[in-house]
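Atoms within a ligand are numbered from 1 in the order they appear, just like the ligands themselves. Here, residue 1 is the first one in the sequence, and each next residue gets the next number.
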Amino acid sequence: NLDWDLRTDLPGASSTDRSFRIDYVNNCFLKDGARFRYISGSIHYFRVPPAYWKDRLLKMYMSGLNAVQIYVPWNYHEPQPGVYNFSGDRDLEKFLNLVAELDLLVILRPGPYICAEWEMGGLPSWLLTKPDIALRTTDSDYLQAVDRWLGVLLPKIKPHLYHNGGNIISVQVENEYGSYYACDYNYMRHLLGVFRASLGEEVVLFTTDGTSASELKCGTLQGLYATVDFGPEENVTEAFMLQRLYEPKGPLVNSEYYTGWLDYWGEAHSTKSAKKVANSLQKILEMGANVNMYMFQGGTNFGYWSGADYKDGYKPITTSYDYDAPLSEAGDPTDKLYIIRSVISKFQELPAGPMPPPTPKFAYGYVSVPQVSESWNGIAVDTSCGFCSAFQAHGFMLYRTLLPQEIVESALLSASGNGVHDLAYVLLNGEYQGTLERDRVNGINISGQLGDTLDLVVESMGRINFGANDSDFKGLIHNITLGTSILSDWIIYPLDIDTAVAHAWPPTAQSSSGHRGPAFYTGTFTTPGISEDSYLKLPGWTKGQVWINGFNLGRFWPVRGPQQTLYVPGSFLSGSAINTLVVLELQEAPDNPKVLFVSRPLLNVTYNYTHKDRK
Ligand SMILES: CCCCNC(=S)N1C[C@H](O)[C@@H](O)[C@@H](O)[C@H]1CO
């Protein structure tokens with residue numbers, strides 16, 4: 001009898017009964033033929049340890065959300081051309097299945113460009129081995145790499161589409177393409193073709209752009225449903241009027257409703273008033289619009305994954321991606337979450353039961369980290385690649401040359417054309433001289449003898465993830481001059497520190513005196529039989545990188561701020577074995593070097609600091 005065939009809640013209902021479509025008559029989405037409005041939140045699986053994926057998703061479900069929105073960073077899954085990684089913390093399908101288990105739908109945003117304050121906006125930096133590549137256009141080399149990547153990713157996605165029995169209800173093509181200078185319609189048409197060929201005709205494909213005519217002009221395309229993004233500062237009615245210019249019929253959608261904002265090193269911590277966020281959210285919901293809150297759960301830019309913007313100079317993003325979001329970086333429900341949840345409850349029944357509490361935090365206290373031996377030449381320098389054009393995607397490179405003449409007085413060592421990308425720590429015969437910094441410090445004075453070893457340890461702080469400067473080459477990209485002469489005969493060493501830290505550690509520590517210039521510090525600690533979350537504070541330190549049990553926690557820069565603590569997930573710690581800490585300090589460590597585990601984050605203390613000249 002007919003109704004049995006139409007019901008889709010029967011066990012084993014075939015996937016052909018499932019559908020997710022746009023209703024252009026009633027201006028809404030239809031899920032299995034019934035009117036459906038999503039209330040969604042962004043979470044980035046690549047910014048949350050897998051051990052905590054379920055914890056965060058459950059809290060999003062208990063907040064009244066019926067969907068989550070995720071990006072897929074291409075560079076996270078294809079580290080080298082043709083080499084793919086979808087395992088462990090990169091297991092996208094495991095994450096999608098977990099979301100489905102929690103009865104949440106998915107809005108997927110596979111790019112291939114995603115922005116997201118992520119290294120190079122998700123594009124792999126190996127694309128830049130073709131130096132003049134025109135990213136995000138019909139550049140044939142770029143499209144060839146895109147097609148190969150999507151040829152791997154999209155077949156993995158297809159079975160997870162809603163009408164195929166999965167929980168992905170819509171898929172975004174590219175990301176705010178209207179904000180990009182190129183405005184290459186054939187690029188968007190190419191992507192539309194690839195997505196349709198791979199995912200089929202039924203899935204809802206859409207674009208997202210800011211609410212300006214110029215952005216929507218270049219970012220939208222016939223065949224892709226146009227959506228907009230805007231925060232609580234914008235007028236909701238006016239913002240959706242812009243969407244109506246391109247989609248006179250169909251559901252209203254804000255794909256990125258900003259609950260907070262990003263942080264740059266050296267600038268004040270960004271926050272958004274919970275009250276304002278809730279008020280504008282209520283207006284959005286009252287209009288029957290679909291909304292995704294960006295971010296609902298921020299998380300952390302572990303390792304070297306943070307990106308950068310270029311606005312009056314290079315502005316790197318901090319390690320914390322707390323975003324002042326409803327769920328904190330550590331996944332703790334904030335007041336903002338409860339205020340948003342009460343707004344949602346006026347429109348959608350909340351799941352029964354309590355909101356899971358914050359995960360327990362523990363202040364493990366001080367850990368002494370005496371300096372390791374003259375570590376720089378012993379541990380990290382890989383002399384096997386003296387003259388090759390070393391390709392290393394992230395982190396640090398060592399550029400070495402010999403002084404071509406004696407410098408009796410001091411001479412200016414200078415990075416012409418701002419060519420240090422992004423900081424260079426200068427050593428003469430291993431002794432720290434000072435720091436050159438992109439857009440901030442273009443020269444320092446040094447003096448030395450003919451033939452002295454001049455080392456520049458060059459650090460990438462993350463590739464630009466938004467706008468036209470997205471071919472952000474790293475290292476020394478222009479000449480370095482000493483006085484009036486151009487220095488030459490450089491030897492370039494890739495410094496694979498993470499491998500060294502993960503395998504050859506911990507070496508015996510040497511001295512406990514403070515130190516200037518790049519050096520490693522290491523120490524061990526045990527916990528009282530627990531492995532609860534914590535936050536690492538580095539009082540008296542300057543700038544560097546931290547590893548715990550081989551996990552790269554990310555960058556610290558307390559003399560700049562606003563971030564003063566690093567989130568330490570309990571899943572990175574051992575409650576029974578010895579925990580090993582490794583600190584790479586690039587400029588100046590405190591005497592009697594130690595670090596401090598505290599139980600609360602500190603993300604809003606900024607200083608206006610450049611660099612101390614050498615003593
Ligand atoms: C100052 C430039 C900021 C560019 N990014 C913008 S507008 N955003 C839109 C972008 O789509 C998203 O990925 C995030 O990057 C977000 C900011 O968090």
Would [X] and [Y] count as having a side-chain donor-acceptor pair, cut-off 3.5 Å?
{"X": "Tyr321", "Y": "Glu117", "result": "yes"}
{"X": "Tyr71", "Y": "Asn175", "result": "yes"}
{"X": "Tyr187", "Y": "Tyr142", "result": "yes"}
{"X": "Asp263", "Y": "Gln563", "result": "no"}
{"X": "Asp422", "Y": "Tyr314", "result": "yes"}
{"X": "Asn418", "Y": "Asp439", "result": "yes"}
{"X": "Asp229", "Y": "Thr227", "result": "no"}

Which atoms of ligand 1 have any heavy atom of [X] under 4.0 Å away?
{"X": "Trp261", "result": "7 (S), 17 (C)"}
{"X": "Tyr258", "result": "8 (N), 9 (C)"}
{"X": "Leu262", "result": "17 (C), 18 (O)"}
{"X": "Asn175", "result": "10 (C), 11 (O)"}

**Complete:** closest protein heavy atom to atom 3 (C) of ligand 1 is Asp309 OD2, 4.0 Å

**Complete:** atom 16 (C) of ligand 1 sits nearest the protein heavy atom Glu256 OE1, 3.9 Å

**Request:** Determine, for Phe86 and Arg90, whether the Lys NZ or Arg CZ falls below 6.0 Å from the six-membered ring centre while staying within 45 degrees of the axis.
**Result:** no

Can you check whether [X] has an N/O within less than 3.5 Å of an N/O in ligand 1?
{"X": "Tyr323", "result": "yes"}
{"X": "Ala116", "result": "yes"}
{"X": "Tyr71", "result": "yes"}
{"X": "Glu117", "result": "yes"}

**Request:** Answer yes or no for Trp118: is there a heavy-atom contact with ligand 1 below 4.0 Å?
**Result:** no

**Asked** With a 4.0 Å cut-off on heavy atoms, is Tyr264 touching ligand 1?
**Response** yes

**Message:** Tell me the contacting part of Ile114 for ligand 1: side chain, backbone, both, or neither, using a 4.0 Å heavy-atom threshold, strictly below.
**Reply:** backbone

**Prompt:** Using 30° and 60° as the class limits, which term best fits the ring planes of Tyr45 and Trp53: parallel, tilted or perpendicular?
**Reply:** perpendicular

